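No hydrogens, no waters, no symmetry mates; every other heavy atom, side chains included, goes into these values. Since we're looking at a predicted model, the values are computed, not measured. First the proteins, then the strands, lettered A, B, ... as listed; each starts at 1.
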Amino acid sequence: MIEVSQLRFTYPGSKEPTLKGLNFAIPKGEIFGFLGPSGAGKSTTQKILIGILKRYEGTVRVMDRELRDVKSDYFEHIGVAFEFPNFYHRFTALENLSLFRSLYHGKTEDPLHLLAMVGLEQYASTKVADFSKGMKMRLNFCRALLNHPSILFLDEPTSGLDPVNAKVMKDLILAQQAKGTTILITTHNMHAADEICNRVAFIVDGEINLINSPRELKVQRGSKRVRIEYTENEHVHHADFDLQQIGANPAFLQLLKNKPIETMHSQEASLEEIFIEVTGRKLG
Amino acid sequence: MRLRSAMMYDMKLQIRHGFYYAYVLIAAAYIVLLRSLPLDIRETVGTVITFSDPSVLGFFFIGGLVLLEKGQNIYDNLFVTPYKPEEYIISKTLSLTLLSVVTSCIIHLSAFGLHPNLFLFLLGVTMTSIFFTLLGLGLAVRCQTLNGFFLMSTVYTFVFVLPLVDVIGVWTTPLFYFIPAKASLMMIQSPFNPLGTGQMIYAIGTLTAWIGIAWMWTRFSFRKFITLQMGGGDPQ
C-alpha cells in the first residue's frame, strides 16, 4: 500500500535535512505507528505521505502512485485527522460534516451514520463551539472517514482524551482496520501505540532506528523472567523466576502451592523502555 | 459542482457571522443619507459610497473572514480534501462580490432610480469587488491578528483608493490612470457620465489586468503562508 525508499527532505532555507533517508513499507490493512519525540521528523513524514510536501528526494509510492506526481484527486482516497480537531464553530456538527462531504466527488458516507457510529447522533444539531474536546476528537474522526478512505492518517488520536474516550477512540480505529483500511498513526504516546499498532517505527533525528511489532520488541528485549508477589506474615514479598523450564522449577511450584499469590507478571520491557534503550532519547 | 457547494457554505457562514445584517444596516444608512442630499451633490456622494462598498467593505470583510478561519485552523482540514486553494479563493471572492453587487444595486436604485447605463455600473462594482477582495485575501493570509491586518490595510487601501480625491475634486494627476480605482470610479460614475468606447476599453482593460495581478499575488501568498504551513506545530 505504501512503499518508501531513501526518503530525504530538507525544508527551504534549512541546511540540515529533516529526513535523512527513510525506508519502510506498509501493507494494506496494517496499523502502523510512527513514534518519536517532537521534532524527530514524524510530522514531515506524515505531510509527505498526505501529499502536502512534494519536493522530497527518494521514492514514495502510495497505492502504486509516486506522490510527487499526484494531483488533488489523491485526497479522494485518504482521510486525515490532525491532532487539533478544528471546525467551523458557528456551524453545527452536521453542517460541518456536510460541508466537508460536499468537497468530494467520489462516494461518501452519510454524516448522520458517522455521528451515530461515534455516539454523537443526538448532538448533530449542536454548534461545534459547544462541544467538549472529547466530542470534537470523535467528530474529527468522523470527518476523516467521510470519503471511505483506503488510508487513514491519524495524528495523536488519543491526545487530551480521558481514559474512557481514549478507549472509545481505540475501538473506533480497530473497527476501521477490520474493514481493511490501512492506518498510519503518529504519536509520542507509547501506551496507545502499544495497544493498537501492528508495527511501530522509532524515528529520531530524521532517521528510523527500528521497525517491528510492539509484541516482538517487548519479548525480544525484555528479560525472560516472571515476578511473583505473595504475602507472608502480612507483608508483601516478591520472587523472580527464569521462564525457561519454569514448569519444572521446584521453588516456583512450591511458592504457587504454599503461598497466597498477589500478582504474577512476566518481565517484558515496556515500549517506552525499549525506545529509550534504542534511541537514547526520551519521548515527549 | 464543488465550487457551487463551497460558495453556498461560504454564504451560509457569512450569514452566521452577521455579514448580511451588517450590509442591510449599512445599505439602509446609505440610502437614507443619499435621499436626504440635494441632487447636485447626491451623484458625487453616491459614487464615493458605491465605490467604498465593494472596495473598502469587501476588503475588510474578507480580512475578518480569513483571520477567523486562520484562528480556527480550518485550513489544515480543508486542504487535505480535493478542495483546491484556487477554488477556495474563487468561492470566497465571488460570494462576497455577490453581496457587494446586490447591495450596491439596491443603494443605487433607491437613490437614483433606474438608469439605461446600469450594465457598465454593475460590471464596475463586480470587478472592483473582485480586485479588492483578492487584495484583502492576499493580505490577510500574511497577517496573524486583526490588528496587524488593519495596520497593513491602511497602506494597501490608501494607494489603491487614491483616485477618490479626483472624484471629490481635490486633486488630480494622469498617474491615477494606472491605479485600478480610477477605472472603477469611471465605471461606477458611468450612469451620470457615460463613457466613450476608448474609456470603456481603458476601464475594463485596467481592471482586468489588476485582477490578474491580484489573483497571482493572492495565489502565491496563499501557497506560501497557508499551504506550506499546513500540518500544524513545528515544521519538523
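At least one side-chain heavy atom of A:F82 sits less than 4.5 Å from a side-chain heavy atom of B:V80. Residues B:E69 and A:Y88 meet the side-chain proximity criterion, which asks for heavy atoms closer than 4.5 Å. For the pair B:Q72 and A:F87, the minimum side-chain heavy-atom distance is 4.5 Å or more.
For the atom pair A:R90 CZ and B:L68 CG, the distance stands at 7.5 Å (nearest 0.5 Å). Considering CZ of A:R143 and OG1 of B:T81, their distance stands at 10.0 Å, rounded to 0.5 Å. Taken from CZ in B:R16 to OG1 in A:T92, the straight-line distance is 7.0 Å, to the nearest 0.5 Å. Atoms CG and OH, on A:L103 and B:Y9 in that order, are 9.0 Å from each other to the nearest 0.5 Å. To the nearest 0.5 angstrom, A:F75 atom CZ is 10.5 Å from B:F79 atom CZ.
Looking at B:L13, both its backbone and its side chain come within 4.5 Å of chain A, counting heavy atoms on both sides. Within the 4.5 angstrom heavy-atom criterion, atoms from both the backbone and the side chain of A:E95 approach chain B.
Heavy atoms of other residues, nucleotides or ligands lying less than 6.0 angstrom from OH of A:Y123 number 12 at most. Other residues, nucleotides and ligands contribute only 12 or fewer heavy atoms inside 6.0 Å of the NZ atom of B:K224.
Interface residues of residues 55-72 of chain A toward chain B, defined by a heavy-atom distance below 4.5 Å and sorted by number: A:R55, A:S72.
Comparing B:E87, B:K84, B:K12, B:R2 by how many heavy-atom pairs each has under 4.5 Å with chain A, the most go to B:R2. Ranked by heavy-atom pairs shorter than 4.5 Å toward chain B, the options A:P12, A:G79, A:S98 are led by A:S98. Of all the listed residues (B:N73, B:N77, B:T227, B:L78), the one sharing the greatest number of non-hydrogen pairs under 4.5 Å with chain A is B:N77.
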